[in-house]
Amino acid sequence: MASQAHYSMTINGQAESGMATIAVINPATGGKIGEAPDCTAQQLDRAVASARQAFPLWRAAPPDERGAAMKAAAAILVENAEPLLRLLTSEQGKPHHEARREILGAAHWLNAFADLAIPVEINEATAERRSETRHVPIGVVAGISPWNFPVLLSFWKIAPCLKAGNTMILKPSPFTPLTMLRIGELLRDAFPAGVLNIITGGDALGPMLTVHPGINKVSFTGSTTTGKRVMESAAKDLKRVTLELGGNDAAIVLPDVDVDAVAKALFWAAFRNSGQICVASKRLYVHADIYDRFAQAFADYAGTIRMGNGAEQGTELGPVQNSLQFERVLTIIEDSKAQGHRFLTGGDARPVGPGYFIPVTIVDNPPEDSRVVQEEPFGPIVPLLKYDSVDEVIHRANASPYGLAGSVWSADTSAALAVAGRLETGTVWINEVQYLSPFQAFAGHKQSGLGVENGLGGLLEYTVPQTITVRAPVTACAL
Ligand code: NAD
């Protein structure tokens with residue numbers, strides 16, 4: 001067997017191995033592809049100390065200089081896109097073309113935030129006084145990212161954090177640590193030592209980071225359950241937090257749509273990345289007048305899709321990323337079976353063969369209170385749901401503890417806008433989904449998150465306001 005590549009953490013601009021390692025599995029084969037260092041408490045202390053030491057100089061650098069370093073880093077990602085995307089596919093499972101989009105997306109985020117400026121607010125400018133509010137960096141930020149988009153979602157944090165003048169310790173998920181470790185190695189000279197540290201470890205490392213007294217802010221993307229733990233532990237010394245959490249997005253299809261075209265678009269809305277997207281369409285509400293035609297078109301299109309190893313040409317959908325998630329999705333399928341739900345396709349509760357493959361599964365109009373409707377499966381399974389009136393479907397869509405995003409589909413954009421305005425979510429797309437941009441705010445309502453990523457609001461999350469007022473010097477005669 002070929003020897004596996006070595007991956008090191010980046011702490012204070014230096015390579016660091018672990019005393020122990022965690023194994024990384026290719027979800028398409030079940031085989032081990034490498035090992036990531038398991039960061040010790042002492043190594044974490046060193047990473048925090050280096051980030052604290054780097055902070056004053058990095059903060060003092062002109063924003064354009066920080067932006068230039070970020071653009072140089074983006075160029076390194078683009079130059080190395082090919083090996084990085086292969087590594088990403090091997091640990092995450094997504095097809096190569098999706099992995100390429102992710103790597104290039106990370107470079108795009110760096111370039112976009114490199115040029116984004118933070119305005120100074122002038123509150124008062126009179127003969128007597130000038131008052132202005134600046135937005136100054138917070139200090140050392142811990143970035144914690146999930147396994148579904150290990151690179152892109154890490155750079156959603158790295159880019160605004162560094163542009164605002166903070167330093168960072170980034171921890172990817174233990175299921176997908178390798179591509180971010182490799183990126184840390186590639187970017188070692190792109191920033192001054194200590195500005196960007198990349199560390200990896202098992203389940204203990206996240207909590208160690210969030211309680212560490214040397215960290216001033218935690219920017220977390222992951223499940224709602226973990227997000228609550230992060231907030232609880234950050235509360236001890238009032239660390240700032242940004243939380244991007246789970247979702248159960250509704251897609252509402254009005255009766256006037258082009259059924260075949262929307263069925264195809266919604267297939268990808270639900271199943272891209274094998275359904276492992278926070279803003280995947282997870283409940284598809286289709287008007288009763290077109291439900292049967294839509295269900296047929298949706299199932300027919302699903303039958304044309306090729307699932308397989310993301311490294312093989314022609315693969316459109318990869319496996320579920322890890323064994324825990326695989327088991328979780330299977331329990332939801334088993335529950336649907338036990339409840340007697342009808343499947344338009346899929347429904348194999350125990351797929352056979354190596355790798356964590358679950359065939360595309362579409363559940364035909366299950367009851368609203370079933371697990372597949374109420375929970376976020378985060379895998380290749382979606383319920384199609386029939387509705388009769390707009391008021392009814394809005395009520396059903398909003399009856400969720402989540403409020404991440406949603407979509408409305410119609411030939412009549414005014415009718416779609418009227419529905420969109422009544423949805424309780426941070427983003428609503430009309431006739432598209434998952435359009436995300438570094439220039440556009442992305443924020444979860446309700447239990448889908450706290451704070452905002454992207455756009456000027458996302459950049460400001462990495463700052464604290466500082467108001468300075470200036471009066472003319474006090475003189476003896478004024479006293
Ligand atoms: P997760 O919550 O299990 O893990 C996310 C990260 O947190 C990982 O790096 C993990 O190691 C770390 N972690 C685990 N326990 C921790 C703790 N106690 N303290 C600190 N860190 C800890 O999530 P996941 O399974 O990796 O990702 C899937 C979830 O993420 C889904 O619910 C999905 O909707 C959500 N997600 C949300 C967004 C968004 O932007 N809103 C984007 C992608 C994924």
Side-chain angles (χ1 to χ4, degrees), residues 105 109 113 138 141-161 164 166 168 170-173 206-207 209-210 215-235 238-251 269 273 275-283 325 374-378 397-407 420 422-429 433-464:
W109 249 256
F113 275 100
I138 301 171
V141 179
I144 301 178
S145 54
W147 47 257
N148 60 339
F149 286 85
V151 178
L152 184 62
L153 295 178
S154 294
F155 278 90
W156 278 29
K157 304 182 183 315
I158 294 169
C161 171
N166 306 279
M168 176 161 263
L170 191 283
K171 187 199 87 64
S173 165
L209 257 176
T210 56
I215 284 169
N216 305 102
K217 176 185 167 90
V218 182
S219 178
F220 170 84
T221 301
S223 63
T224 296
T225 308
T226 312
K228 289 176 184 174
R229 287 194 199 116
V230 168
M231 192 162 169
E232 215 177 300
S233 92
L238 226 55
K239 292 181 175 73
R240 273 61 186 150
V241 288
T242 300
L243 304 174
E244 291 290 0
L245 309 177
N248 197 5
D249 293 9
N273 210 34
Q276 303 163 115
I277 303 187
C278 54
V279 287
S281 300
K282 293 172 184 142
R283 297 175 287 160
Q325 193 59 26
Q374 293 302 320
E375 295 184 19
E376 179 192 37
F378 221 60
N398 285 339
S400 168
Y402 294 112
L404 194 57
S407 61
R422 295 172 66 190
L423 291 180
E424 297 167 353
T425 61
T427 303
V428 186
W429 290 287
V433 283
Q434 295 157 18
Y435 176 71
L436 299 159
S437 150
F439 306 110
Q440 158 187 309
F442 179 69
H445 292 189
K446 301 195 260 185
Q447 294 189 32
S448 285
L450 197 74
V452 54
E453 286 197 299
N454 301 329
L456 181 58
L459 184 54
L460 292 177
E461 290 264 322
Y462 290 90
T463 66
V464 276

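No hydrogens, no waters, no symmetry mates; every other heavy atom, side chains included, goes into these values.
Rounding to the nearest 0.5 angstrom, the gap separating the CD1 atom in Ile138 from the CD1 atom in Ile215 is 12.5 Å. Here CG of Leu459 is found 10.5 Å from CG of Asn454. Values are rounded to the nearest 0.5 Å. If you take CD on Glu424 and CG on Asn398, they are separated by 3.5 Å, rounding to the nearest 0.5 Å. Atom CD of residue Gln434 and atom OG1 of residue Thr427 lie 11.0 Å apart, to the nearest 0.5 angstrom. Rounding to the nearest 0.5 Å places NZ of Lys228 at 12.0 Å from CG of Leu450. Here CD of Gln276 is found 6.0 Å from CD of Gln325. Values are rounded to the nearest 0.5 Å.
Between Trp156 and Phe149, the distance separating the two ring centers is not shorter than 6.0 angstrom.
Residues Trp109 and Ser437 share a closest heavy-atom pair of CZ2-C, 3.5 Å. Heavy-atom minimum distance, Gly105 versus Leu152: C-CD1, 3.5 Å. When all heavy atoms are compared, the tightest approach of Leu404 to Cys278 is CD2-O, 3.4 Å. The minimum heavy-atom distance between Gly246 and Thr224, with the atom names listed, is N-OG1, 3.2 Å. Taking every heavy atom of both residues into account, Ala280 and Gly275 meet most closely at CB-O, 4.1 Å. Among all heavy-atom pairs drawn from Thr242 and Val452, the shortest one is CG2-O, 3.8 Å.
The stretch residues 141-155 participates, sequence neighbours left out, in these side chain to side chain donor-acceptor pair (under 3.5 Å) pairs: Ser145-Ser154.
Residues Glu244 and Phe442 have side chains in contact (heavy-atom distance under 4.5 Å, counting atoms from C-beta outward). Taking 4.5 Å as the limit, some side-chain heavy atom of Lys282 sits within range of a side-chain heavy atom of Phe378. Side-chain contact between Lys171 and Leu209 is present, with at least one heavy-atom pair separated by less than 4.5 Å. By the 4.5 Å heavy-atom criterion applied to side chains, Phe220 and Thr210 are not counted as neighbours.
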Handout entry: Working for side-chain contact (heavy atoms from CB on, under 4.5 Å), residues Arg283 and Ser400
Key = CA-CA 11 Å; Arg283 297 175 287 160; Ser400 168; 4.0 Å; yes
Practice task
Report the C-alpha distance between Lys157 and Glu453 in whole Å, list the side-chain angles of each, state the deciding distance to 0.1 Å, and finish with yes or no for salt bridge (Lys or Arg N to Asp or Glu O under 4.0 Å).
Solution key: CA-CA 8 Å; Lys157 304 182 183 315; Glu453 286 197 299; 3.0 Å; yes
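Side chain of Trp429 to main chain of Tyr435: a donor-acceptor pair is present (N/O by atom type, distance under 3.5 Å, no hydrogens or angles). For the pair Glu461 (side chain) and Gly458 (backbone), a donor-acceptor distance under 3.5 Å is absent. Judged by distance alone, with hydrogens and angles left aside, the side-chain atoms of Thr425 form no donor-acceptor pair with the main-chain N or O of Gly403 at under 3.5 Å. When atom types are taken as modelled, the side chain of Asn166 and the backbone of Val141 share no donor-acceptor pair closer than 3.5 angstrom. Formation of a donor-acceptor pair under 3.5 Å by the Gln447 side chain with backbone atoms of Pro401 is not found in this model.
The local environment of CZ in Arg240 is sparse, with at most 12 non-hydrogen atoms from other residues, nucleotides or ligands closer than 6.0 Å.
Note that Lys217 lies in the cation-pi zone of Tyr462, set by a 6.0 Å cut-off to the ring centre and a 45° limit from the axis.
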